[in-house]
Number of protein chains: 2
Amino acid sequence: MDVNPRKIPRQARARATVEAILGAGAQLLAEHGFESLTTARVAERAGVSIGSLYQYFPNKQALAAALIDHYGEALAAAFRQRWRGHETLAGAVDAMVGAALVSHPHGPELHRALNELAPRVGRAEKNKGISARIAGIVTMVLEQHRHEIAADLNLADAAALIETVLETVSHRAIEHHPVTPDSASMASHCRRLIMAYLTNPAPR
Amino acid sequence: MDVNPRKIPRQARARATVEAILGAGAQLLAEHGFESLTTARVAERAGVSIGSLYQYFPNKQALAAALIDHYGEALAAAFRQRWRGHETLAGAVDAMVGAALVSHPHGPELHRALNELAPRVGRAEKNKGISARIAGIVTMVLEQHRHEIAADLNLADAAALIETVLETVSHRAIEHHPVTPDSASMASHCRRLIMAYLTNPAPR
DNA sequence: TGAATATGTGACGAATCCCTCACATTTTGT
DNA sequence: ACAAAATGTGAGGGATTCGTCACATATTCA
């Protein structure tokens, strides 16, 4: 299945069309999921004709892949800008948890939908790459506070685990998990979880 | 959308038919996801006619809901049987992590697919209920080792966080996350994460 | 055994969806 | 200004899907 763009927009008008299509696709994907995402509905919401959509995206999967690429980059960029300049490890962890809890620039539904979608449109690696980049950022932050972290902890492994925890906990917090009292408490427990893990050496 | 079963099977033959339909549905859901799950394909894989399927499930959503109920219960039951009789907190945590890493009695794909599916067929609460029950089991385990756990930690909150971590980490470990070296290392880090969280009081 | 009930079948109508194509309109470049 | 290129349009073909219905077969029970 060819997933490459059929034609690149040259005029400003065409770029606006593509933007409108991507925006409409993101909205509908977040609202109703992929199985009820139809090319006709996307075109309608975008305010363009179905023909215009197929001029830039050869098929429905290509549209989905474009959405994953477009909003995945936005997510990683949003995360990168939130961890700079913290003097202490506690401050950096605070920032990371805070970032995870708010860093869904286009809503958690869209984030989840794109995650589910990626492996079905040949973009599994792309999405894993985003996670890996965020884990890389976390690794860098941890390195800056190496002296506060248990010496026997491998930073790359720890960063991968923390990235996983951050992503999921943020999802759960936002969807009001029944056993989770509220987001503030969740964030506080999450901070404590990560700090305890980082600063205490393995027992025995 | 009515999601209740249309008719309950009375004869053994009918029960076998329903079982075959549920089994086929689970297989296809895990293999290809919900958007390519068609009633005709489910019936074909189950070895029954399409008409038989519609005798017990009024529509496609009802079939999905039945799958969620059926396999959700199986998951909770599988988890409950793995935590009994551990003398130490470390042993209990080991057991929980191990359970999370293997307790997908019908494969992680099915588990993920059902999780994604629940909110779209009126079963969001059901799935949250399963998580809550697992969190409740974790709470009981923690209570049995109260003396080994930091006194200022609320056990219910901690259990909710741990349940979340266990579920996601197991997903990631199985799908071979790139930055995760291997499952064994993942499990070891996961144990350390949870133990550090539980046994160390909040700093300052 | 025979009637009543339960279960199984699969062709088919109605609805929906993906995508194409012939053509209209706008913009660019000379 | 005018031709060439870029962009936009939407009806409709071909394919797929959901769910029904009239009928066949199997089981139960008196």
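Protein chains get the first letters and strands the later ones, always in sequence-line order, with residue 1 at the start of each. Here the structure is a predicted model, which is why all the values come from computation and not from measurement.
Contact check on R41(B) versus E31(B) returns no salt bridge, with no Lys/Arg side-chain nitrogen under 4.0 Å from an Asp/Glu carboxylate oxygen.
Interface limits on DNA chain C: the 5'-most and 3'-most nucleotides within less than 4.0 Å of chain B heavy atoms are dA6(C) to dA11(C).
Residues that satisfy the side-chain contact (heavy atoms from CB on, under 4.5 Å) test with Q11(A), not counting sequence neighbours, are R13(A).
A donor-acceptor distance shorter than 3.5 angstrom exists from the side chain of R192(B) to the backbone of N200(A), with no hydrogens or angles considered. In this structure, Q61(A) contributes its side chain and V121(A) its backbone to no donor-acceptor pair below 3.5 Å. Without hydrogens or angle criteria, T139(B) side chain to A135(B) main chain gives a donor-acceptor distance under 3.5 Å. At distances below 3.5 Å, at least one donor-acceptor pair connects side-chain atoms of T168(A) with backbone N or O atoms of T164(A). Although no hydrogens or angles enter the test, the distance criterion places no donor-acceptor pair under 3.5 Å between the side chain of R120(B) and the main chain of A124(B).
Neither side chain, H111(B) nor Y71(B), offers a donor N or O lying under 3.5 Å from an acceptor on the other. Checked by atom type, the side-chain pair D2(A)/N59(A) shows no donor-acceptor distance below 3.5 Å.
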(request) Using a 4.0 Å cut-off on protein heavy atoms (strictly under), produce a 5'-to-3' string for nucleotides 23-30 of chain D with B for base contact, S for backbone-only sugar-phosphate contact, and - for none. (result) ---SSS--

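Proximity of residues 53-61 of chain B to DNA chain D (heavy atom under 4.0 angstrom from any strand atom) is restricted to Y54(B), N59(B), K60(B). Contacts with DNA chain D (heavy atom under 4.0 Å) in residues 27-43 of chain A: none are found.
dC18(D) atom P lies 18 Å from atom CG of D2(B), rounded to whole Å. Atom-to-atom, CD of E19(A) to P of dT7(D) comes out at 14 Å; the value is rounded to the nearest Å. If you take CG of L63(B) and P of dG19(D), they are 10 Å apart, rounded to a whole angstrom.
Across all non-hydrogen atoms, the minimal contact from A95(A) to H86(A) is CB-NE2, 3.2 Å. Nearest heavy atoms, I68(B) versus A118(B): CD1-CA, 3.4 Å.
Judged by the 6.0 Å distance and 45° axis criteria, K60(A) is positioned over the aromatic ring of F34(A).
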Taking distance alone, no hydrogens or angles, what donor-acceptor pairs closer than 3.5 Å link side-chain atoms of residues 19-29 of chain A to residues at least two apart or in another chain?
| residue | atom | partner | partner atom | Å |
| --- | --- | --- | --- | --- |
| Q27(A) | OE1 | R45(A) | NH1 | 2.5 |

